[in-house]
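The sequence lines fix the lettering, A, B, ..., with proteins before strands; numbering per chain opens at 1.
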2 protein chains.
Amino acid sequence: MRFSKSVPWSGPILDITQVINQSPELDEILEKSAKLMARTGYHGASMRDLARVTGRSLSGLYHYFQGKEDLLYLINQSGFSSLLNMVDELEAAAMGPSEKLHNLICNHIGYFADHLDEMRVIVFGTQDLTSKRSRKISNLKENYRKKVQVIVGNYITDKKGYPPDTSELERKTFLLFGMMNWIFSWYSSGDHGPAQDLAEDIFNTFTRGCAGN
Amino acid sequence: MRFSKSVPWSGPILDITQVINQSPELDEILEKSAKLMARTGYHGASMRDLARVTGRSLSGLYHYFQGKEDLLYLINQSGFSSLLNMVDELEAAAMGPSEKLHNLICNHIGYFADHLDEMRVIVFGTQDLTSKRSRKISNLKENYRKKVQVIVGNYITDKKGYPPDTSELERKTFLLFGMMNWIFSWYSSGDHGPAQDLAEDIFNTFTRGCAGN
DNA sequence: AATACTACCGAACGAACGTTCGAACGCAAG
DNA sequence: CTTGCGTTCGAACGTTCGTTCGGTAGTATT
């Protein structure tokens, strides 16, 4: 038990870094909530709306989490933890810099395309979380960004024979994130083909874009 | 007078396509509202919050517009109209395809960097507008996207000697928008240098990225 | 049969929301 | 001086918000 005061079953373990949502019901609630919040934003989706789309009663929802804000926190944490897990595996893998960058982009785009609604919620930001939680999510995000930046840096170093200066590397990494993350606003697999084709296009565009000085 | 029922001075002309905010007070309200909404989102900024940041009373605000939703509409309309005006001028200019694309990116990034808060509000979407107004903004956005796509298409055609197929062109255009628009989430002129340098970097990355097949 | 616990709900609470209304102010025209 | 108008405001309206509380089934354990 995590909470000294006895609570029915004390909700999800909110302080853990890993993605262990030990309840399929909560997972379903998170997914359907993200689907709604992706359209309306966090404040735009009321608890009554969330009760309706999850097929539950208003008060019944509170059995799975302690407050509305938990939903936003869990959606963000789940997303960034998954991305971090993927890049951690990639870090350890035996691969050339180019292949690593290619895999990174495929993983990122693949996850994004599979969790478009959650990613849309994440793009809207963490302003509505308590500052402590907002900082926690920001740390996850910054960790991920730095690991991606290392992979991009290794690629450029390998390609050009010398490392890029930090501000150029940082900027290029942000441009890559731009191409990848902006798909939240336009991509659907039905209209624009499979995610892997898109990942391929981004990889080609970015690597060729890094070609010159 | 625009409204049959006599109203003090009837608010802004909301149905016009151009950016004619005939009141500097309204402009100031829009700017300060965008600054707050960029952090909190539309629903996250209450009319009482907006009254505070604009230095006015709650009810006093209603002299300059008819409802909270007008603010969101006007911010969106102002942004897209400005972007459209710039690209319209560029369309008419006598310039080569490469120079046109270069100017387009400089204009877009320059406007974005100068109106970061407004652009952040715009990125959050028009879900909170009435469907009629939401459609109006979507039309402006789609118009802009198509004009940019034409310029990108002319550049690629000129560079490769033959036109790209539509789905490739559409995708490349979205990737360009990704690099440009994603700056809403990271760019500040203090930390990352002047906007024109950034525009240069995006132009180089994109054009080199279009080099291959 | 009694107990304990999980899962769930209807009803209600106080707070905050967007909006309205009547009244006041300053100032230029009659 | 009085009138009318653009501008601003405090107070209040009805609604919706997130959350809480008391209670009820159903199930497993004793």
Per B/Ser59 side chain, nearest of listed nucleotides C/dG10, D/dG10, C/dA12 | D/dG10
Whole-Å distance between D/dG18 C1' and A/Leu61 CG?
-> 11 Å
Nearest whole angstrom, please: distance from the P of C/dT19 to the CG of B/Leu71.
-> 9 Å
Does the D/dG10 base have a donor-acceptor partner in the side chain of B/Ser57 within less than 3.5 Å?
-> no
Please state how far atom CZ in A/Phe65 lies from atom C1' in C/dA7, giving the value in whole angstrom units.
-> 14 Å
Over how many whole Å does the gap from A/Met47 atom CE to D/dT20 atom C1' extend?
-> 12 Å
Do the numbers put B/Lys68 on top of the ring of B/Tyr42, so that NZ or CZ is under 6.0 Å from the six-membered ring centre and no more than 45° off the axis?
-> yes
Rounded distance [0.5 Å steps], CG in A/Leu101 versus CZ in A/Phe203 = 5.5 Å
Report the distance from atom NZ of A/Lys68 to atom C1' of D/dT20, rounded to the nearest whole Å.
-> 17 Å
Base, sugar-phosphate, or nothing for A/Arg56, non-hydrogen atoms under 4.0 angstrom?
-> sugar-phosphate
Centroid-centroid under 6.0 Å between A/Tyr144 and A/His108 rings = yes
Which part of the nucleic acid does B/Ala51 contact within heavy-atom distance under 4.0 Å: base, sugar-phosphate only, or nothing?
-> nothing
In whole Å, what is the span from the NE2 atom of B/His63 to the P atom of C/dT19?
-> 17 Å
Would you please confirm or rule out a distance under 4.0 Å between OP1 or OP2 of D/dC17 and any side-chain N or O of A/Ser46?
-> yes
In whole Å, what is the span from the CG atom of A/Leu58 to the P atom of D/dC21?
-> 14 Å
Please name the residue in the list A/Thr126, A/Asn139, A/Asn76 that meets the side-chain hydrogen bond (donor to acceptor under 3.5 Å, both in side chains) test with A/Ser134.
-> A/Thr126
Give the rounded distance in Å between these two atoms: OH of B/Tyr64 and C1' of C/dT19.
-> 18 Å
